[in-house]
Visitor: 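Please find one structure pasted underneath; my questions will follow.
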Amino acid sequence: MKIGQPKLILDPYEWLPGYGESRVSFHSVGSDVILDIEYEKEVLVDSEEVVLALRREIAFKSVRCFMREPFPGGAIFEFDGDPGKFRLGKLTEFIDSELARNNLKAWRSVSSHEPPKLRHFSIQFLSENLTFHVLAVDVFLSSELSGS
């Protein structure tokens with residue numbers, strides 16, 4: 001399936017350490033899917049370096065489709081456009097998405113209700129070697145939380 005016109009939503013390396021995440025997991029709450037990203041952060045406490053275990057959640061709201069693939073690997077999506085505009089490791093929305101179009105077409109074939117405003121999001125976690133593709137209405141990033 002083709003994807004194109006990438007739009008940067010957030011850069012997790014603004015808060016992740018340079019070596020990336022320690023662990024990524026996911027769970028659902030109703031129709032929402034939450035990615036739980038664990039990482040470490042070094043801070044000075046009384047002139048002593050301490051490593052804190054922290055995490056953040058990326059919450060996708062009203063999810064219609066969720067895919068997890070190995071990275072690099074499973075290539076069900078074909079990027080159509082200038083490769084320099086698609087940056088790995090960033091949460092990206094694809095404005096042009098065959099997956100989103102097909103999903104809305106299927107919705108319209110079975111329902112007369114107004115379809116949801118689905119957006120195709122993708123993010124790669126380079127240390128964990130995972131890619132997520134999500135069709136959802138919206139996405140939110142939590143503040144820093146203490147690790148599990």
Visitor: What's the separation between atom CD in Glu38 and atom CG in Leu54, rounded to the nearest 0.5 Å?
Guide: 10.0 Å
Visitor: Verify the cluster assignment for Val33 and Met67: are they in a single hydrophobic cluster under the rule of side-chain heavy atoms below 4.5 Å apart?
Guide: yes
Visitor: For Gly18 and Tyr13, which heavy atoms make the closest approach, and how far apart are they?
Guide: O-CE2, 4.1 Å
Visitor: Does Arg101 CZ have over 12 foreign heavy atoms under 6.0 Å away?
Guide: yes
Visitor: I need the minimum non-hydrogen distance between Lys90 and Pro12, along with the two atoms involved.
Guide: CA-CD, 4.0 Å
Visitor: Locate the shortest heavy-atom distance separating Asn129 from Leu126; write the atom from each residue and the value.
Guide: OD1-O, 3.1 Å
Visitor: Rounded to the nearest 0.5 Å, how far does CD of Gln5 lie from NE2 of His120?
Guide: 13.5 Å
Visitor: Is the Phe125 to Phe71 ring centre distance short of 6.0 Å?
Guide: no
Visitor: When rounded to the nearest 0.5 angstrom, what distance separates CG in Asp36 from CG in Leu145?
Guide: 8.0 Å
Visitor: To the nearest 0.5 angstrom, please state how far the OG atom of Ser22 sits from the NZ atom of Lys41.
Guide: 13.5 Å
Visitor: Using the rule that Ile, Leu, Val, Met, Phe, Trp and Tyr join whenever any side-chain heavy atoms are under 4.5 Å apart, tell me whether Phe26 and Ile34 fall into a single cluster.
Guide: no
Visitor: Taking the ring centre of each residue, are Phe60 and Phe66 less than 6.0 Å apart?
Guide: no
Visitor: Would you name the heavy atoms of Leu16 and Ile37 that are closest together and state the gap between them?
Guide: CD2-CG2, 4.1 Å
Visitor: Kindly say whether Gly89 contributes a backbone atom to a donor-acceptor pair with the side chain of Gln124 at under 3.5 angstrom?
Guide: yes
Visitor: Between Val63 and Ala136, which heavy-atom pair has the shortest distance, and what is it?
Guide: CG2-CB, 4.0 Å
Visitor: Could you walk me through whether Ile58 and Phe121 pass the side chain to side chain contact (heavy atoms under 4.5 Å, CB included) check?
Guide: CA-CA 11 Å; Ile58 299 176; Phe121 299 101; over 6 Å; no
Visitor: Begin from the C-alpha positions of Glu144 and Arg56 and carry the test side chain to side chain contact (heavy atoms under 4.5 Å, CB included) through to its verdict.
Guide: CA-CA 5 Å; Glu144 239 171 20; Arg56 284 201 174 188; 3.8 Å; yes
Visitor: Strictly below 4.0 Å, N to O, side chains only: are Lys117 and Asp138 in salt-bridge contact?
Guide: no
Visitor: Answer yes or no: is there a side-chain heavy-atom contact under 4.5 Å between Ile76 and His133?
Guide: no
Visitor: Any chance CZ of Arg68 has more than 12 other-residue heavy atoms, nucleotides or ligands included, within less than 6.0 Å?
Guide: no
Visitor: Flag the pair Phe79 / Pro6 as yes when at least one side-chain heavy-atom distance between them is below 4.5 Å, and no otherwise.
Guide: yes
Visitor: To the nearest 0.5 Å, what is the distance between CG on Leu135 and CZ on Arg119?
Guide: 11.5 Å
Visitor: Check whether any side-chain N or O of Glu49 sits under 3.5 Å from a backbone N or O of Glu42 as a donor-acceptor pair, and report yes or no.
Guide: no
Visitor: Is there a chain of hydrophobic side chains (I, L, V, M, F, W, Y, each step under 4.5 Å between heavy atoms) that links Ile3 to Leu88?
Guide: yes
Visitor: Please check if Leu91 and Ile95 belong to a single hydrophobic cluster, counting links between Ile, Leu, Val, Met, Phe, Trp and Tyr side chain heavy atoms closer than 4.5 Å.
Guide: no
Visitor: Taking Val24 as the starting point, is it possible to reach Tyr19 by hopping between hydrophobic residues whose side chains are less than 4.5 Å apart?
Guide: no
Visitor: Measuring from atom CD of Glu93 to atom CD1 of Ile123, what distance do you get when rounded to the nearest 0.5 angstrom?
Guide: 13.5 Å
Visitor: Give the minimum heavy-atom separation between Ser122 and Phe94, together with the two atoms involved.
Guide: CB-CE1, 3.6 Å
